[in-house]
Colleague: 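Input: one structure, supplied below.
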Amino acid sequence: MTARPLPARPRSLVIGGRAAGAMLLAMVLASCSLLSGGDRNEETATAKADPSIVASAPEGLEQFYSQEVVWEPCEKEFQCAKVTVPMDYEDSDGETIQIAALRAPSTGKKTGSLLVNPGGPGASGYDFVKDAAGTHFSQSVRDAYDVVGFDPRGVKRSAPVTCMTDAERDAARAKVYVYETDAGLSAVRADNKAIAEQCVEQTGEVLAHIDTQSAAKDLDILRAVVNDTKLNYLGYSYGTFLGSTYASLFPDNVGRMVLDGALDPSISNEELTSGQARAFEKAIRAYVGSCQQQDGCPLSGDVDSGVQQIRDLIGAVQQTPRTAKDGRVVNATMFVSGLITPLYNDQSWPALTQALEAAMTGDVSLMLRLADLGADRSSNGTYTSNSTFAFNAINCLDYPMEADPAAMRVEQQRLMQESPTLGYFFAYGGTSCADWPYKNVRTPAPVEYTGESPIVVIGTTGDPATPVEWATSLRKQLGNATLMTWEGEGHTAYGRSNSCIEDPVDRYLVSGEIPADNTVC
């Protein structure tokens with residue numbers, strides 16, 4: 001019997017070093033704490049739209065671009081607002097939803113707003129700015145901008161996708177399926193269909209309208225209501241896909257845009273999964289090599305031997321699930337979720353070493369804790385976000401997915417060749433959307449950008465979730481863009497790399513100075 005494979009989730013920043021929860025993970029593992037951003041919490045303010053910005057609104061959307069937004073004190077040192085947008089842009093006079101936003105006010109002479117998306121899809125920009133504004137951004141950026149985080153439609157506070165109780169989520173994560181049999185595939189299809197029906201019932205009609213193109217249109221309304229004629233934007237991982245989608249829809253409205261941990265919009269879901277499988281295998285080897293240079297590493301011999309020991313451990317859990325100290329049963333999927341979570345940030349590698357050492361002696365509690373952190377599950381059993389549900393719901397609209405059993409089994413074999421350690425757990429992602437009630441509204445294609453403002457694209461050579469070659473591809477598709485590459489490990493670069501990346505990006509954001517193309521650090 002084999003454990004249930006992971007959903008096609010590793011593209012997400014939700015379990016990486018950029019999402020608010022994952023940044024908290026990295027800090028917790030380092031025994032540090034995040035500092036709140038924002039130096040002042042001003043009185044409640046009503047932002048009235050600039051007439052020239054309203055005049056440039058797309059036809060039929062003037063009421064949304066001209067709305068008065070109330071920014072109220074919140075979260076101790078920040079300001080929060082709800083921004084009204086159409087639920088369905090094809091019916092702008094119909095139902096509306098609200099996008100939750102939080103801003104850390106400028107600490108100096110403000111030149112505009114910097115909107116931030118930490119990834120996912122499903123990560124909360126609201127939480128990201130709340131948790132990291134004070135530590136993640138340089139003083140020059142904080143002086144120049146109101147840093148604004150928002151929850152995209154479908155995420156946490158913004159018409160969230162809602163599907164299951166916390167107890168039901170625990171039960172779903174603990175299930176085991178035999179994918180090698182038709183009965184096993186039928187079982188997972190039936191369970192996923194039941195979950196989808198719960199999502200429809202509990203979320204409502206908005207579930208059909210949380211695609212990335214709609215979110216990009218929301219982003220332009222956000223730009224307008226913060227009274228910026230151009231969008232200044234920082235997007236990580238999936239946030240680069242949201243950013244490049246925006247650039248294709250509103251090329252003349254692009255200001256200073258940084259896309260870090262680039263997603264290639266031209267590739268299929270299956271190509272995306274294949275690229276990640278190879279990149280995660282590469283990341284495991286990098287981790288093992290680093291571990292073996294440290295005292296106390298439990299992985300003996302050379303890198304090949306160390307990787308094989310991890311495979312053997314996964315296989316043992318796959319054959320006989322283990323019980324953690326809290327009494328929960330840990331199957332192979334949960335174990336692998338814990339394994340890959342620290343791979344998003346090499347500063348978290350010591351925590352992986354501790355978890356592996358304990359697991360090799362029979363205690364999987366630390367690995368379960370890492371898996372829980374990746375799933376946004378608190379130690380008290382509550383889940384702090386809806387990221388898993390939002391991730392799946394958005395991707396089902398953004399990507400056509402292969403769900404034919406024969407094709408998925410062929411894909412499984414290919415993935416296991418590309419990634420002998422993890423490939424199996426990347427397979428069968430098509431089952432997540434096979435019975436989703438809404439069909440995809442997008443077909444992958446190269447992005448087209450005709451704007452005059454150069455865009456900065458960043459890739460990381462050891463990135464496990466967004467392979468560095470995707471940054472090269474996105475830079476070529478955008479045309480008017482510059483590429484920076486960090487020779488490092490982990491997911492994304494800006495905010496966790498070095499001055500060779502940080503300083504040019506800061507100068508670009510603050511003064512518009514364009515970094516040299518093909519910079520390698």
Side-chain angles (χ1 to χ4, degrees), residues 46-51 53-71 80-101 115 117 120-122 124-126 148 150-163 195-228 231 238 241-243 245-250 252-253 386 389-400 433 435-443:
T46 300
K48 295 184 178 181
D50 185 292
I53 294 177
V54 176
S56 64
E59 184 178 358
L61 298 178
E62 293 84 359
Q63 61 178 315
F64 300 101
Y65 281 71
S66 62
Q67 66 185 288
E68 293 186 357
V69 175
V70 179
W71 291 91
C80 295
K82 293 291 186 73
V83 178
T84 301
V85 299
M87 182 176 70
D88 178 3
Y89 277 91
E90 296 299 315
D91 181 19
S92 59
D93 292 328
E95 295 292 323
T96 62
I97 60 174
Q98 290 190 313
I99 304 300
L115 276 70
N117 180 280
S124 167
Y126 180 113
V148 180
F150 60 97
D151 289 354
R153 54 174 59 210
V155 176
K156 200 164 184 176
R157 303 169 184 85
S158 301
V161 179
T162 306
C163 303
I195 293 171
E197 290 172 351
Q198 287 180 265
C199 296
V200 172
E201 180 181 355
Q202 298 182 35
T203 305
E205 188 180 349
V206 70
L207 195 64
H209 304 290
I210 56 171
D211 58 287
T212 295
Q213 186 168 99
S214 294
K217 294 177 181 179
D218 296 342
L219 188 54
D220 199 53
I221 292 177
L222 288 169
R223 171 199 62 80
V225 299
V226 297
N227 274 326
D228 280 356
L231 174 71
Y238 163 80
F241 179 41
L242 178 60
T245 301
Y246 179 92
S248 69
L249 293 174
F250 304 99
D252 295 335
N253 294 349
N386 72 329
F389 303 128
F391 177 89
N392 192 65
I394 294 169
N395 278 327
C396 288
L397 293 178
D398 280 347
Y399 288 91
C433 297
D435 296 294
W436 195 250
Y438 306 106
K439 299 302 180 184
N440 60 289
V441 297
R442 170 188 174 269
T443 301

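Worth knowing before you read on, the calculation uses all heavy atoms, side chains too, and leaves out hydrogens, waters and symmetry mates. The residues of the chain are indexed from 1 along the displayed sequence. Nothing here was measured: the structure is a model prediction, and the numbers come from that model.
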Colleague: State whether the number of non-hydrogen atoms from other residues, nucleotides or ligands found under 6.0 Å of Glu205 atom CD is greater than 12.
Modeller: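 Atom CD in Glu205 is not packed in, count stays at 12 or less.
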Colleague: Parallel, tilted or perpendicular: which fits the ring planes of Phe250 and Tyr246, with parallel below 30° and perpendicular above 60°?
Modeller: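 Phe250 and Tyr246: tilted rings.
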Colleague: Quick one, Val85 and Arg153 - any side-chain contact, counting heavy atoms below 4.5 Å?
Modeller: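 They are in side-chain contact.
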Colleague: Could you pull out the closest heavy-atom pair between Phe64 and Val225, with the gap in Å?
Modeller: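 That closest heavy-atom pairing would be O-CG1, 4.0 Å.
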Colleague: Decide yes or no for Thr96 and Met87: does some side-chain heavy atom of the first lie under 4.5 Å from some side-chain heavy atom of the second?
Modeller: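 Thr96 vs Met87: side chains apart.
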Colleague: Any donor and acceptor pair, going by atom type alone, linking the side chain of Tyr438 with main-chain N or O of Ala393 inside 3.5 Å?
Modeller: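 Not confirmed, Tyr438 side chain does not pair with Ala393 backbone.
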Colleague: Any chance you could measure Glu197, atom CD, to Cys199, atom SG, to the nearest 0.5 Å?
Modeller: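 Answer for the CD-SG pair, Glu197 versus Cys199, is 10.0 Å.
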Colleague: Starting at NZ of Lys217, measure out to CG of Leu249 and round the result to the nearest 0.5 Å.
Modeller: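 One gets 6.5 Å once the value is rounded to the nearest 0.5 Å.
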Colleague: Between the side chains of Asp211 and Arg442, is the shortest nitrogen-to-carboxylate-oxygen separation below 4.0 Å, so that they form an ion pair?
Modeller: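 The answer is no: the pair does not qualify as a salt bridge.
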Colleague: Is there a side-chain contact between Cys433 and Asn392 (heavy atoms, below 4.5 Å)?
Modeller: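 When only atoms from C-beta onward are counted, Asn392 and Cys433 do touch, with a gap below 4.5 Å.
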Colleague: Would you say Ile221 and Val83 make side-chain contact, with heavy atoms under 4.5 Å?
Modeller: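 Yes; the side chains approach each other to less than 4.5 Å.
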Colleague: Take Asp220 and Arg223 through the test salt bridge (Lys or Arg N to Asp or Glu O under 4.0 Å) and record every step on the way to the result.
Modeller: CA-CA 5 Å; Asp220 199 53; Arg223 171 199 62 80; 2.7 Å; yes
Colleague: Considering non-hydrogen atoms only, spot the tightest contact between Ser92 and Pro86 and give its length.
Modeller: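 Heavy atoms of Ser92 and Pro86 come nearest at CA-CB, 4.2 Å.
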Colleague: So which heavy atom on Asp435 is nearest to which on Ala196, and how close?
Modeller: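 Closest heavy-atom pair between Asp435 and Ala196: O-CB, 4.1 Å.
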Colleague: Tell me the closest heavy-atom pair linking Pro121 and Asn395, and the distance in Å.
Modeller: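 Minimum heavy-atom contact is CG-OD1, 3.9 Å.
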Colleague: Would you check if Asp88 and Glu95 make a side-chain contact, meaning some heavy-atom pair closer than 4.5 Å?
Modeller: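 When only atoms from C-beta onward are counted, Glu95 and Asp88 do not touch, as no gap falls below 4.5 Å.
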Colleague: Roughly how far, to the nearest 0.5 Å, is CD1 of Ile97 from CG of Asp218?
Modeller: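 These two atoms lie 6.0 Å from each other.
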Colleague: So, taking the atom named CG in Leu115 and the one named CG in Leu219, what distance separates them when rounded to the nearest 0.5 Å?
Modeller: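 It is 6.0 Å, given to the nearest 0.5 Å.
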Colleague: Look only at the side chain of Thr212 and the backbone of Leu242, and say whether a donor-acceptor pair between them is shorter than 3.5 Å.
Modeller: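 Here the side-chain-to-backbone pair does not exist.
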Colleague: Measure the shortest side-chain to side-chain distance between Phe389 and Pro160 over non-hydrogen atoms and say whether it is less than 4.5 angstrom.
Modeller: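 A side-chain contact under 4.5 Å is absent here.
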Colleague: Which atom names give the shortest non-hydrogen contact between Gly122 and Val155, and what distance separates them?
Modeller: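 Closest heavy-atom pair between Gly122 and Val155: O-CG1, 3.4 Å.
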Colleague: For Thr203, is there any backbone N or O sitting under 3.5 Å from a side-chain donor or acceptor partner on Thr162?
Modeller: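 Such a contact is absent between Thr162 side chain and Thr203 backbone.
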Colleague: Do side-chain atoms of Arg157 reach the backbone of Asp151 as a donor and acceptor pair under 3.5 angstrom?
Modeller: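 Such a contact is absent between Arg157 side chain and Asp151 backbone.
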Colleague: Give the minimum heavy-atom separation between Pro58 and Glu62, together with the two atoms involved.
Modeller: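 Minimum heavy-atom contact is O-OE2, 3.9 Å.
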Colleague: Please round to the nearest 0.5 Å and tell me the distance separating atom OH of Tyr65 and atom OG of Ser56.
Modeller: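 Separation between the atoms: 7.5 Å.
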Colleague: Is the shortest heavy-atom distance from the side chain of Ile394 to the side chain of Tyr238 under 4.5 Å?
Modeller: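 Result yes, sub-4.5 Å side-chain heavy-atom pair found.
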Colleague: Looking at side-chain heavy atoms only, is the closest gap between Leu397 and His209 below 4.5 Å?
Modeller: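 Result no, sub-4.5 Å side-chain heavy-atom pair not found.
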Colleague: Partners of Ser66 by side chain to side chain contact (heavy atoms under 4.5 Å, CB included), sequence neighbours excluded?
Modeller: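 Ser66 satisfies side chain to side chain contact (heavy atoms under 4.5 Å, CB included) with Val54 once adjacent residues are dropped.
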Colleague: Spell out, as yes or no, whether a donor-acceptor pair under 3.5 Å connects the side chain of Thr245 to the backbone of Phe241.
Modeller: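 Side chain of Thr245 to backbone of Phe241, a donor-acceptor pair under 3.5 Å: yes, one is there.
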